Trainee: 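My structure is below; once you've seen it, I'll send some questions.
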Number of protein chains: 2
Amino acid sequence: MNKPVTIKDIARKFKCSPSTVSRALNNHPSINEDTRRNLQEYAKKVGYQRNQVSLSLLNTRTASIGVVVPTINNYYESAIIEGIESVLHPKGYTLNICVTNEQYLLEAEYIVKLLSNRVEGIFLSVSQETYDCGYYEHLENISKRNLPLIFIDRDFEGFAAGSVTVDDYHGAYSAVKHLIDSGRKRIAHLKGPNGLTVTEHRFKGYTDCLIQHGFEVDDSLVINTNFRVESAPEPTRRLLDLKPIPDAIFGVNDQVAIGAMKVIRDKGLKIPEDIAIVGFDDFPISAFISPSLTSVCRPGRQVGEAAAQMFLNLQHQNPTSAKSNHIVLPSQLIVRESSVL
Amino acid sequence: MNKPVTIKDIARKFKCSPSTVSRALNNHPSINEDTRRNLQEYAKKVGYQRNQVSLSLLNTRTASIGVVVPTINNYYESAIIEGIESVLHPKGYTLNICVTNEQYLLEAEYIVKLLSNRVEGIFLSVSQETYDCGYYEHLENISKRNLPLIFIDRDFEGFAAGSVTVDDYHGAYSAVKHLIDSGRKRIAHLKGPNGLTVTEHRFKGYTDCLIQHGFEVDDSLVINTNFRVESAPEPTRRLLDLKPIPDAIFGVNDQVAIGAMKVIRDKGLKIPEDIAIVGFDDFPISAFISPSLTSVCRPGRQVGEAAAQMFLNLQHQNPTSAKSNHIVLPSQLIVRESSVL
DNA sequence: AATGAAGATGCAAACGTTTGAAATTTTTTG
DNA sequence: CAAAAAATTTCAAACGTTTGCATCTTCATT
């Protein structure tokens, strides 16, 4: 790793002052044309790259943004990040992406690090642990600095900050309504991990819809998963051991729904004849599997874009107003073969 | 956004010098016990966060790493990033993740930015455009600085640097061999975009295996896709219009394979009876769809881990030795229902 | 009481860049 | 040719932190 060429190095070489070099490289008008050209050529030749670190120190502006998410290893989360990126990159911002792996300790550590790196804003999708335990101390340093904080995907109701989420409640509601409308009477739910907003909102959409249509909520029809496809089969088997078996399963996401479908087929049951399936997230693949999967589409990219836009708007106004800024994007049911005869 | 509290602020408040504050906060032994306690308490109270930017400038060490990838919106790429993260985070590094969207211009811009931000190393999966055009000027500034550069996933043979890739060639070869061994005679390939190593290595594995087993390579059986599930149906239809139709399709990845499966089913053909299907990447979902998809597993997380480890090793040795460092991880065929009767 | 040794704190420089103001050089003008 | 104007360059300070060295206290030892 060679030491990078600095403005001082160039100044020494040309027997002029660093100011002159700096101005020449920035096309300052008061620099002599020849000087400018010579310096620029030389700078290019030796591969001079202006040191952004020193500039950040000088301007107390880093043009970087922290993004803290539990995982990036799935379609939806990474779509959010692409959304943020697509809005903020043209404005010159760099993203510092941190993956907490659903752990509070890592989340707290990353936030300290981001503050220490003087990011100009933080997008946070809180980890499951943070949620479960209601921790928020690590966030107080953010608000102490009055730094823009925007919750993405998962709103953290214990803490005042902006948020952009998807309307999980109505998405789930419409999924279950669709099943009821198709004549299903015994609708099971493969729930996500307890405590997460995403999980609970979908669960509430599920229960509310059942109740409002005169059904009872049967606890034995609700079983937890951890969102992953591998976590679906065992709970599904338990559902199929019930008498009578459910005639529909609403999965907390497409992965879980797909995991359930396999078990159902293996048991020799037919989808949708014996059991209807609905997922959530609308993975690109879901439209192509057999039977194609009815799912609730959740616009990850738009979440990212909206959050980034919220951040930009904050730059021009009172930053505390973020706290009253809550955007909820609609989710949309897409009906496919897995739920209709 | 409040101005962050600085060491100078604290010094002013306590009528002492910044040096004392700095030493107190760093538990320097020559600081009086009371002074230390008072200063630390106050610092905590006002939420002091040491300014990492100034430290970076002072030490010319930023502890940050650039990661440049064409997209993060899929399972494999994000697995790589998680792998890198898992190794480098414990060592105190921060990741700067940049998404090029397969565009050379963005890639070049990001690299300038990363150099300017004084990252200590760059992990790069070159964009398709860079590959197609053989551009490498943007990389020369990296080597001019003698900064560790490691190609991940896609090796860029035109340029000397370390690399960690997956053995796409033998993965593809084993997939096709499996099809030949199962008695398939007319094996089509849904290829990726031309020019990418990933695409071409898999393609070569396909053709070499065919030739070595006495088959001809029939151009009409090879059609391009863009890796996405949506890009598979149209080429697949063209394959099914051939007379005779192929009796097996090797997809460049699972998404394409799944896209093909849908078209085949829609035509009333049976998988694997009429046509066998093999994919690549082994998505978690692939084991759960029906029929479950035979696929070549590619260890994304391990790629990331190996690349990160390569970077760490470079710190303790001659950095130019990276250029002779090439790790190729094995891929593994996983046989499932879509290819065996 | 003088000497010296710890113990505690301050000074100043450094990292790389920018920028207002001052200084220098060159050009123009009367 | 002198004076003013314009063009070009340099100076110095600033951003926040660390750290070797110098300085200043305090206190014990002779």
Side-chain angles (χ1 to χ4, degrees), chain A residues 1-40 42-43 46-64 112-113 115-120 145, chain B residues 1-40 42-43 46-64 112-113 115-120 145:
Chain A
M1 207 158 76
N2 297 338
K3 224 189 276 161
V5 181
T6 72
I7 274 191
K8 285 182 182 175
D9 296 334
I10 301 179
R12 213 170 298 127
K13 181 88 180 180
F14 276 72
K15 295 190 173 54
C16 68
S17 74
S19 337
T20 304
V21 180
S22 169
R23 291 198 168 97
L25 298 183
N26 289 315
N27 290 314
H28 191 285
S30 77
I31 293 295
N32 181 281
E33 183 61 19
D34 289 345
T35 320
R36 193 179 63 73
R37 192 161 18 79
N38 287 335
L39 285 172
Q40 288 194 352
Y42 180 76
V46 296
Y48 170 78
Q49 301 275 0
R50 120 209 283 173
N51 186 331
Q52 187 59 46
V53 177
S54 75
L55 248 192
S56 295
L57 181 60
L58 189 61
N59 302 332
T60 53
R61 268 221 59 200
T62 54
S64 63
V112 167
K113 202 163 188 173
L115 288 173
S116 179
N117 280 327
R118 297 295 186 262
V119 294
E120 298 182 23
R145 284 269 316 276
Chain B
M1 209 158 77
N2 297 338
K3 223 190 275 160
V5 180
T6 71
I7 275 192
K8 285 182 183 175
D9 296 333
I10 301 180
R12 213 170 299 126
K13 181 88 180 178
F14 277 71
K15 295 190 174 53
C16 68
S17 73
S19 337
T20 303
V21 180
S22 170
R23 285 196 256 255
L25 298 182
N26 289 314
N27 291 313
H28 192 285
S30 78
I31 293 294
N32 181 281
E33 183 61 19
D34 289 345
T35 320
R36 192 178 63 72
R37 193 160 17 79
N38 286 336
L39 284 171
Q40 288 194 353
Y42 180 76
V46 296
Y48 170 78
Q49 300 275 0
R50 119 204 289 165
N51 186 331
Q52 186 60 46
V53 177
S54 74
L55 248 190
S56 294
L57 181 59
L58 189 62
N59 301 331
T60 54
R61 268 220 60 200
T62 56
S64 63
V112 167
K113 202 163 188 174
L115 288 172
S116 180
N117 280 326
R118 296 295 188 264
V119 294
E120 300 181 22
R145 283 270 316 278

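To find a chain, count down the sequence lines: A is the first, B the second, and so on, and within it residues start at 1. Keep in mind that this is a model prediction, so the values were computed, not measured. We use all heavy atoms of the structure for the numbers below, so side chains are in, but hydrogens, waters and symmetry mates are not.
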Trainee: Select one nucleotide: of D:dT8, C:dC15, D:dT17, the one nearest the side-chain heavy atoms of A:S30.
Mentor: D:dT8
Trainee: For B:S22 and B:S19, test the side chains for any donor-to-acceptor distance below 3.5 angstrom and give the result as yes or no.
Mentor: no
Trainee: Sort out for me which residue in B:S64, B:S56, B:S116 forms a side-chain contact (heavy atoms from CB on, under 4.5 Å) with A:V53.
Mentor: B:S56
Trainee: Which is true for B:F14 with a 4.0 Å heavy-atom rule: it touches a base, it touches only sugar-phosphate, or it touches nothing?
Mentor: nothing
Trainee: Rounded to the Å, how far apart are A:K8 NZ and C:dA13 P?
Mentor: 13 Å
Trainee: Start at the 5' end of DNA chain C and walk down; is the nucleotide closest to B:T60 or to B:N32 reached first?
Mentor: B:N32
Trainee: With no angle test and no hydrogens, is the base of C:dG7 tied to the side chain of B:R23 by a donor-acceptor pair under 3.5 Å?
Mentor: no
Trainee: What is the distance, rounded to the nearest whole Å, between atom CD of B:Q52 and atom P of D:dT17?
Mentor: 11 Å
Trainee: For the pair made of CG in B:N27 and P in D:dT19, what is the distance, rounded to whole Å?
Mentor: 13 Å
Trainee: What is the distance, to the nearest angstrom, from the CG atom on A:L55 to the C1' atom on D:dA14?
Mentor: 13 Å
Trainee: To the nearest angstrom, how far is B:N51 atom CG from D:dG16 atom C1'?
Mentor: 6 Å
Trainee: Nearest to the side chain of B:S22, which nucleotide is it out of C:dT18, D:dC15, D:dT19?
Mentor: D:dT19
Trainee: Between C:dC15 atom P and A:K3 atom NZ, what is the distance in whole Å?
Mentor: 8 Å
Trainee: The side chain of A:T20 is closest to which nucleotide in this list: D:dC15, C:dT9, D:dT10?
Mentor: D:dT10
Trainee: Side chain of B:L58: nearest nucleotide among C:dA8, D:dT18, D:dT10?
Mentor: D:dT18
Trainee: Could you tell me whether B:N26 contacts a base, only the sugar-phosphate backbone, or nothing, with contacts defined as non-hydrogen atoms closer than 4.0 Å?
Mentor: sugar-phosphate
Trainee: With sugar-phosphate meaning primed atoms plus P, OP1 and OP2, does A:T35 contact a base, only sugar-phosphate, or nothing at under 4.0 Å between heavy atoms?
Mentor: sugar-phosphate
Trainee: Of the nucleotides C:dT17, D:dT18, D:dG16, which one has an atom closest to the side chain of B:I7?
Mentor: D:dT18
Trainee: Within the 3.5 Å criterion, strictly below it, is a donor on B:T6 or B:D9 matched to an acceptor on the partner's side chain?
Mentor: yes
Trainee: Which comes earlier along DNA chain C counting from the 5' end, the contact point of B:R118 or that of B:S17, where each point is its nearest nucleotide?
Mentor: B:S17
Trainee: Base of D:dC11, side chain of A:S19 - is there a donor-acceptor contact under 3.5 Å?
Mentor: yes
Trainee: Could you tell me which non-hydrogen atom of B:R118 sits nearest to which non-hydrogen atom of A:P4, and how far apart they are?
Mentor: NE-CG, 3.5 Å
Trainee: When the distance from CD1 of B:I31 to C1' of D:dC24 is rounded to whole Å, what number comes out?
Mentor: 14 Å
Trainee: Please report the distance, rounded to the nearest Å, between CZ in A:R61 and P in D:dA14.
Mentor: 23 Å
Trainee: Rounded at 0.5 Å granularity, tell me how far CG in B:N51 sits from CG in B:L58.
Mentor: 11.5 Å
